[in-house]
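Everything on this sheet refers to the single structure shown next.
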Amino acid sequence: MTTITPAPAEPEEPRPVLHVPVRAVGTAFALRLFKQRDGSRCAVAFTSATALTMLLGPAQRSVRLAEPALRALAAPLGTTTLIIDPQLVAPPVAARTAVRTSRAAGHAAPRFPALQPQR
């Protein structure tokens, strides 16, 4: 006797594939976690490779995962927050307009205190 299983009342919607930033660890990849404003860690994912590249740059490696897989990877790390398509929230960088004159060269040159050689 053959049993026929009825089709579900609503067809299951396919789960979207997310683009998740990772970092290289030897020959493997590890999930890249981020910090929120309050200091807590979170996982991020993007709905397109273009969105990921626009925010994190073209050198950022990524893998494609469904949301349940991403949550399963983040949970053992103590991270339960997932942000999809985050936006940059850093304050704008103030342009440095002061130019100091180099005494040795006799011409104006920009000075970057963090990049000064140690004496």
Subject >> The single option from Val44, Leu31, Leu33, Val63 passing side chain to side chain contact (heavy atoms under 4.5 Å, CB included) against Pro21 >> reply: Val44
Original post:
Any side-chain heavy atom of Arg64 sitting closer than 4.5 Å to one from His19?
Top reply: yes
**OP:** Work out which heavy atom in Ala45 is nearest to a heavy atom in Leu70; give both atom names and the distance.
**Re:** CB-CD2, 3.8 Å
Original post:
Can any side-chain N or O of Thr79 pair as donor or acceptor with the backbone N or O of Ala75 at less than 3.5 Å?
Top reply: no
Original post:
Do Phe46 and Leu18 come within less than 4.5 Å of each other through their side chains, counting heavy atoms only?
Top reply: no
Original post:
Are Leu65 and Leu73 close enough that some pair of their side-chain heavy atoms sits under 4.5 Å apart?
Top reply: yes
**OP:** Compare every heavy atom of Ala43 with every heavy atom of Ala74, then report the nearest pair and how far apart it is.
**Re:** CB-CB, 4.3 Å
**OP:** Start with the C-alpha gap between Val20 and Ser62, add the side-chain angles, then the distance that decides, and say whether side-chain contact (heavy atoms from CB on, under 4.5 Å) holds.
**Re:** CA-CA 5 Å; Val20 180; Ser62 65; 5.9 Å; no
**OP:** Establish, from distance only, whether the side-chain atoms of Arg32 and Gln60 form a donor-acceptor pair under 3.5 Å.
**Re:** yes
Original post:
Shared ILVMFWY cluster between Phe29 and Leu82, side chains joined below 4.5 angstrom?
Top reply: yes
Original post:
Quick one: does Arg41's side chain have a donor or acceptor within less than 3.5 Å of a partner on Leu77's backbone?
Top reply: yes
**OP:** Check whether any side-chain heavy atom of Leu56 lies under 4.5 Å from a side-chain heavy atom of Phe34, and answer yes or no.
**Re:** yes
Original post:
Closest heavy-atom contact between Val25 and Ala30?
Top reply: CG2-CB, 3.6 Å
Original post:
Do Val17 and Ile84 belong together in a cluster built from hydrophobic side chains that touch within less than 4.5 Å?
Top reply: no
**OP:** Over all heavy atoms of both residues, which pair between Asp85 and Ala51 is shortest? Give the atoms and the distance, please.
**Re:** OD1-CB, 4.0 Å
**OP:** Measure the spacing between SG of Cys42 and CD of Gln36 and express it to the nearest 0.5 Å.
**Re:** 4.5 Å
